Peer 1: 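One structure, as structure tokens, below. Some questions next.
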Amino acid sequence: MSERVRMAPSILSADFTDLGEAVRLIQDGGADFVHVDVMDGHFVPNLTIGPPVVKALKKVATVPLDVHLMIENADATVEWYLDAGADWLTVHAEACDHLHRVIRTIRGAGASAGVSLNPGTPVEVLRDIIGELDMVLVMSVNPGFGGQSFISRTVDRVSRLARLCADEGVTPLIQVDGGIDTSTAPLVAAAGARCLVAGSAVFCQEDPVSAMNAIREAAESVL
Ligand code: DX5
Ligand code: ZN
């Protein structure tokens, strides 16, 4: 049997007047995570939601909340999101002064810890911390907005990350986020990604559940 690729639909592209329904729809349809994009208008040029909304989503979620923090100074506020119910919490390497400490805080609270890298950050910066991570999120667009085009260099970045993990003897979940659809999913899966975030290619489609499962099938078809 081929390996499984996990799907983390991003509710950034869902109807914000009915987020509860969006969560129910995708989890009933087989989503592995609910991907929640937190943006602060500083680290990225967009502003979305914060801890109160994460807390509200937690009430309807039956699959883990995968919270992607695109915020400055996560060092000071990471606990807000842990208290709000984040099951997996991902911070940006570029936005933390003390990345190692933040990771320890997340894991210390019993959550799973992820680190995300912008397209301009070499994956090799994670070598000394990779053994402490549950997930690495490789951004395949510059973070801030849904609906952007996939940056093709990401495929090589994922391959290099997979190699780095093998060198270090560790197996964090490799997640890719941005511009993922049925044509880009197989490229990153073949390179080593095992969790895919998709926003517009799921929620901007007529049938979000079929769209999500088509992306998963496309990815798994190359494994
Ligand atoms: C972008 C966010 C993504 C976004 C992806 O900064 O981190 O999770 O929702 O959207 P698509 O899949 O439309 O590129
Ligand atoms: Zn995201």
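Worth saying up front: this structure is predicted, and the values here are computed from it rather than measured. Start at 1 and go down the list; that is how both ligands and their atoms are numbered.
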Peer 1: Give a rough value, rounded to 10 degrees, for the angle at the Zn ion (ligand 2) between atoms OD1 of Asp37 and NE2 of His35.
Peer 2: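 Rounding to the nearest 10 degrees gives 90°.
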Peer 1: Between the main-chain N or O of Val60 and the side-chain N or O of Gln27, is there a donor-acceptor pair closer than 3.5 Å?
Peer 2: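 Yes.
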Peer 1: More than 12 non-hydrogen atoms from neighbouring residues, nucleotides or ligands closer than 6.0 Å to CD on Glu79, yes or no?
Peer 2: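 Check fails, neighbour count at 12 or below.
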Peer 1: Between the Zn ion (ligand 2) and Asp177, which N, O or S atom of the residue is the nearest one?
Peer 2: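 For Asp177, the N, O or S atom at the smallest distance from the Zn ion (ligand 2) is OD2.
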Peer 1: For His68, what is the atom name of its N, O or S atom nearest to the Zn ion (ligand 2)?
Peer 2: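 The atom in question is ND1.
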Peer 1: Does this structure show an ion pair linking Arg160 with Asp156, if we count only N-O contacts that are shorter than 4.0 Å?
Peer 2: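 Result for this pair is yes, salt bridge flagged.
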Peer 1: Can you tell me if Asp128 has over 12 outside heavy atoms packed within less than 6.0 Å of its CG?
Peer 2: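 No - once you tally the heavy atoms of other residues, nucleotides and ligands closer than 6.0 Å, there are 12 at most.
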Peer 1: Are Lys58 and Asp87 close enough for a salt bridge, meaning some N to O gap below 4.0 Å?
Peer 2: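 Salt bridge flag = yes for Asp87 with Lys58.
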Peer 1: May I have the N/O to N/O pairs between ligand 1 and the protein that fall below 3.5 Å, each with atom names and distance to one decimal?
Peer 2:
from: ligand 1; atom 1: 6 (O); to: Gly144; atom 2: N; distance (Å): 2.7
from: ligand 1; atom 1: 7 (O); to: Asp37; atom 2: OD1; distance (Å): 3.0
from: ligand 1; atom 1: 7 (O); to: His68; atom 2: ND1; distance (Å): 3.3
from: ligand 1; atom 1: 7 (O); to: Asp177; atom 2: OD2; distance (Å): 2.9
from: ligand 1; atom 1: 8 (O); to: His35; atom 2: NE2; distance (Å): 3.4
from: ligand 1; atom 1: 8 (O); to: Asp37; atom 2: OD1; distance (Å): 3.1
from: ligand 1; atom 1: 8 (O); to: Asp37; atom 2: OD2; distance (Å): 2.8
from: ligand 1; atom 1: 8 (O); to: Asp177; atom 2: OD1; distance (Å): 2.8
from: ligand 1; atom 1: 8 (O); to: Asp177; atom 2: OD2; distance (Å): 3.0
from: ligand 1; atom 1: 9 (O); to: Ser10; atom 2: OG; distance (Å): 2.8
from: ligand 1; atom 1: 9 (O); to: Asp37; atom 2: OD2; distance (Å): 3.2
from: ligand 1; atom 1: 12 (O); to: Gly199; atom 2: N; distance (Å): 2.7
from: ligand 1; atom 1: 13 (O); to: Gly147; atom 2: N; distance (Å): 2.8
from: ligand 1; atom 1: 13 (O); to: Ser200; atom 2: N; distance (Å): 3.0
from: ligand 1; atom 1: 13 (O); to: Ser200; atom 2: OG; distance (Å): 2.5
from: ligand 1; atom 1: 14 (O); to: Gly179; atom 2: N; distance (Å): 2.8

Peer 1: Nearest 0.5 Å, what's the OG1-CD distance between Thr77 and Glu72?
Peer 2: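 If I round to the nearest 0.5 Å, the distance is 10.5 Å.
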Peer 1: Output all residues satisfying salt bridge (Lys or Arg N to Asp or Glu O under 4.0 Å) with Arg6, sequence neighbours left out; order by chain, then residue number.
Peer 2: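 Not a single residue meets the salt bridge (Lys or Arg N to Asp or Glu O under 4.0 Å) criterion with Arg6.
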